[in-house]
Amino acid sequence: MQLDKKRIASDCNLAVNGGKPIRDTWLPYGRQTISQADVEKVVSTLTSDYLTQGPVIPEFESLVADYVGVKFAVAISNGTAALHAAYHALGISKGDLIITSPMTFAATSNAAVYLGARPLFADVEPSTGLIEIESIRKLLSRPERKSIKAIVAIDFAGQPCRYRELEELASEAGVPLVIDAAHSLGSRYAGNKGGFAGALSTFSFHPVKSITTGEGGMVLTNDRKLYESVVLFRSHGIQKGRDRLLKDEGPWWHEMQELGFNYRMTEIQAALGLSQMASLDSFVERRAEIAATYRQKLAENQYYECLDLLPESASAHHLFPILVKKQPFAENRKLVFEALHAENIGVQVHYIPTYKMPFYQELLNENWQQQCPNTEEFYAREISLPIFPAMSDFDIDNVVAALNKIGKAFWN
Ligand SMILES: Cc1ncc(COP(=O)(O)O)c(C=O)c1O
């Protein structure tokens, strides 16, 4: 793709202008790490008696629950289903509202829309991308206050959001708090494991996340009622617990007590997840090393800045977002993004604010752009650099060299 050479550098060294790229092979922004032990565990499950609804799923669930320090964990087919089940467990239904951040994957809001609810968007903090407490407070004072049934915060990029302040606000407002912790398995918050606060939290085990099961997710809670609701919802709404049946016509009898889904994880996926858990801490440690190296190499950089980290938490570093410093932000971010791709550096943008999606523009018919100025600027400036456990120091050097090569060509 040829850039407008009049407007930007006609520097022939830039790969986007026909120069030699910084590297010959594509560096993705994220990818899974699969060990021989993972392969063996999956293969042994494939040849076992159960491919679904067997013993590995509860084993995986217990391991994650113990790791995070919660009572209950329910493995589910993906992170979106986890959100759907969590919102359903809270009784969210037609006409309800949730407060959430627009700086997330669309699934955070979509899962509420599945239930007939709609999102209200709180703005984000400009230097962390985390949901802004004051903005939630403002939304809670709307006339539709009574319809607001959940506050859903996102551990953006792997950094736990402000759990303490959020829990205080949620309990003051009498509205349950849900953490979309898709990014933050393996993080820490105030001396504990991150990835859980409030009533429920959800994980995703998509391949770029802290651990993977291919597709997969989990719902966490300390509340038995919420847990039982999620279990029912995951499996068609069918109750099999003998003590929970409304009647019993015989040993074959089970009851579909509500409308649920088939959101079950397979034994094969759970086997991969169980095996991946053994590597979780080392994965997060390597991500932290990569993040620290980026921070050190980009400290005082004239073209780009890193996000702020909260002193009370340790991020799982799912993403490594940077912000372009030079105005006009949107135009410069686009040029840098295209130029980095030409250099074989597979950056991404996280996220296109949910309210910008045509579906939500039509559904909501409200000017969220105007109400979320920080989100607008964050989106205009953001680029996510590659980060994944198997990334080498050489790869990191390539990314930083490409960033500086482009910065110099464009702005010196
Ligand atoms: C913040 C966030 N929430 C929810 C999801 C949905 O997870 P899944 O892709 O497993 O359905 C993702 C996945 O990318 C995500 O990043």
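One-based numbering, in listed order, for ligands and for the atoms of each.
- Every N/O-N/O distance between Ala107 and ligand 1 stays at or above 3.5 Å.
- Scanning the protein for heavy atoms near atom 5 (C) of ligand 1, the closest one is Phe105 CD2, 3.9 Å.
- Looking only at atom types and distance, the side chain of Asp155 has a donor-acceptor partner in the side chain of Tyr163 under 3.5 Å away.
- Listed by number with element, the atoms of ligand 1 under 4.0 angstrom from any heavy atom of Ser204 are 7 (O), 8 (P), 10 (O).
- Within the 4.0 Å heavy-atom criterion, the part of Tyr351 lying near ligand 1 is the side chain and not the backbone.
- Under the 30°/60° scheme for interplanar angles, the aromatic rings of Phe233 and His84 are found to stand perpendicular.
- Annotation for ligand 1: atoms under 4.0 Å from non-hydrogen atoms of Thr104 are 1 (C).
- Scanning the protein heavy atoms around atom 16 (O) of ligand 1, the nearest turns out to be His183 NE2, 2.9 Å.
- Taking the side chain as every heavy atom from C-beta outward, Asp281 and Tyr67 approach each other to under 4.5 Å.
- The nearest protein atom to atom 3 (N) of ligand 1, hydrogens excluded, is given as Asp180 OD2, 2.7 Å; this is a heavy-atom distance.
- Here's the thing with Thr80: one of its N/O atoms is less than 3.5 angstrom from an N/O atom of ligand 1.
- Salt bridge absent: Lys334 and Glu331 never bring a charged side-chain N and a carboxylate O closer than 4.0 Å.
- Taking 4.0 Å as the cut-off between side-chain N and carboxylate O, Asp123 and Arg137 do not count as a salt-bridged pair.
- No donor-acceptor contact under 3.5 angstrom links the side chains of Ser127 and Glu125, judged on distance only.
- A cation-pi arrangement is absent between Lys209 and Phe203, since the terminal nitrogen or guanidinium carbon is not both under 6.0 Å from the aromatic centre and inside a 45° cone about the axis.
- Among all non-hydrogen protein atoms, the one lying nearest atom 8 (P) of ligand 1 is Gly79 N, 3.4 Å.
- Remark: distances from the non-hydrogen atoms of Lys209 to ligand 1 include one below 4.0 Å.
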